[in-house]
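Here the structure comes first, spelled out in structure tokens, and everything after it is commentary.
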Amino acid sequence: MSGWRCAGLTFRYPESSRPAVLDLSLEIPAGTTTAVLGPNGSGKSTLLRLLLRILPPSAGTVEFGGTPVARWGRDALARAVGVVPQGEESVFPISVRELVGMGRYPHLGAWRREGDADRRAVEEAMRRCDVADLAARPVPTLSGGERQRARVARALAQQAPTLALDEPTASLDVAHEMAIFELLRDLGHAGKTVLLVTHNLNLAARYADRLVLLDGGRVAAEGTPREVLTRETVERVYGWPVEIVPHPGPGPDTGAPQVVPLAGEQCVRMAHGEGRSHAA
Ligand code: ADP
Ligand code: MG
């Protein structure tokens with residue numbers, strides 16, 4: 001099965017004096033949706049690159065599906081995991097249809113000619129990501145959110161059993177962000193393994209089975225949303241006062257922990273170690 005396991009995983013960029021990921025041991029079980037959280041620069045994207053063998057570990061091991069990732073062929077790994085990298089690679093003046101079609105590359109033969117199954121996969125992915133109407137548009141002319149949806153569609157078109165997405169909803173409006181999280185939930189229910197990096201703690205708490213909270217390249221907390229998103233942990237890792245309230249519902253995620261950041265006034269109190277002024 002297609003989950004990840006890593007042990008003692010460490011990585012230091014050559015230009016940097018301190019490791020971006022440090023002695024990290026983690027299991028991402030197959031068939032689950034896992035969200036990786038953490039402040040800017042805490043090592044989330046680096047962890048993803050290590051899991052996808054884009055970067056070689058400085059120390060430690062990474063296995064995918066029970067096999068060390070170093071032993072996975074690039075093509076085999078590309079067929080097994082659909083990836084949405086953070087930010088954008090250079091934006092070629094291709095159309096949305098062509099970008100999403102690139103998700104089929106690992107499946108195409110030497111001539112890169114699409115068959116019926118490829119075309120169906122592309123159309124389905126564009127529909128689910130709400131970019132079908134944009135199919136003919138050159139990617140550079142899209143808004144940030146439209147481009148992001150097209151990139152998710154490209155990963156979806158691959159129809160891989162596992163998806164790894166680095167901040168897939170960055171710059172999306174609330175409806176499109178919800179649509180992507182609901183889509184990921186549907187894919188999870190259909191048995192896919194989903195690994196996503198996100199800054200949206202509240203949607204992660206509602207839609208992910210497991211959370212991994214990174215801090216300075218280490219795991220600060222991992223487990224269910226209730227286990228990870230406690231006031232103490234969130235305040236310590238992010239350095240900002242918060243209240244945790246249960247999601248009011250309705251819906252299957254009623255009661256999920258939701259993080260409410262408090263005003264800066266309370267932040268000053270927290271910095272001075274004083275008690276909190278408001279009633280819980
Ligand atoms: P996150 O995705 O959580 O914001 P990253 O994994 O991108 O964090 O970065 C972790 C740390 O590694 C940061 O301190 C960042 O500055 C550093 N880093 C990231 N990419 C590089 C790079 N190419 N060269 C040197 N340092 C890097
Ligand atoms: Mg990142």
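Remember, it's 1-based here, ligands and their atoms both numbered in the order they're listed. Small disclaimer: the values here were computed from a predicted structure and weren't measured.
A single hydrophobic cluster is seen to contain both L47 and I28, as judged by linkage of ILVMFWY side chains at heavy-atom distances under 4.5 Å, directly or through other members.
Ordered by chain and residue number, the residues placing a heavy atom less than 4.0 Å from ligand 1 are Y13, E15, R18, A20, P39, N40, G41, S42, G43, K44, S45, T46.
Counting backbone and side-chain atoms alike, Q86 contributes an N/O/S atom closer than 2.8 Å to the Mg ion (ligand 2). Residue T46 does not count as close to the Mg ion (ligand 2), with no N, O or S atom under 2.8 Å.
Side-chain atoms of T224 come within 3.5 Å of backbone atoms of E227 as a donor-acceptor pair (strictly under, hydrogens ignored). Although no hydrogens or angles enter the test, the distance criterion places a donor-acceptor pair under 3.5 Å between the side chain of R53 and the main chain of W72. In terms of modelled atom types and a separation under 3.5 Å, the side chain of N202 and the main chain of Q258 share no donor-acceptor contact.
The environment of CG in D133 is sparse: at most 12 heavy-atom neighbours from other residues, nucleotides or ligands sit within 6.0 Å.
Within the structure, ring-ring contact (aromatic ring centres under 6.0 Å, His included) contacts touching residues 172-222 (residues at least two apart or in different chains) are F181-Y207.
Ionic pairing of E114 and R97 is present here: one or more N-O contacts between side-chain nitrogen and carboxylate oxygen are shorter than 4.0 angstrom.
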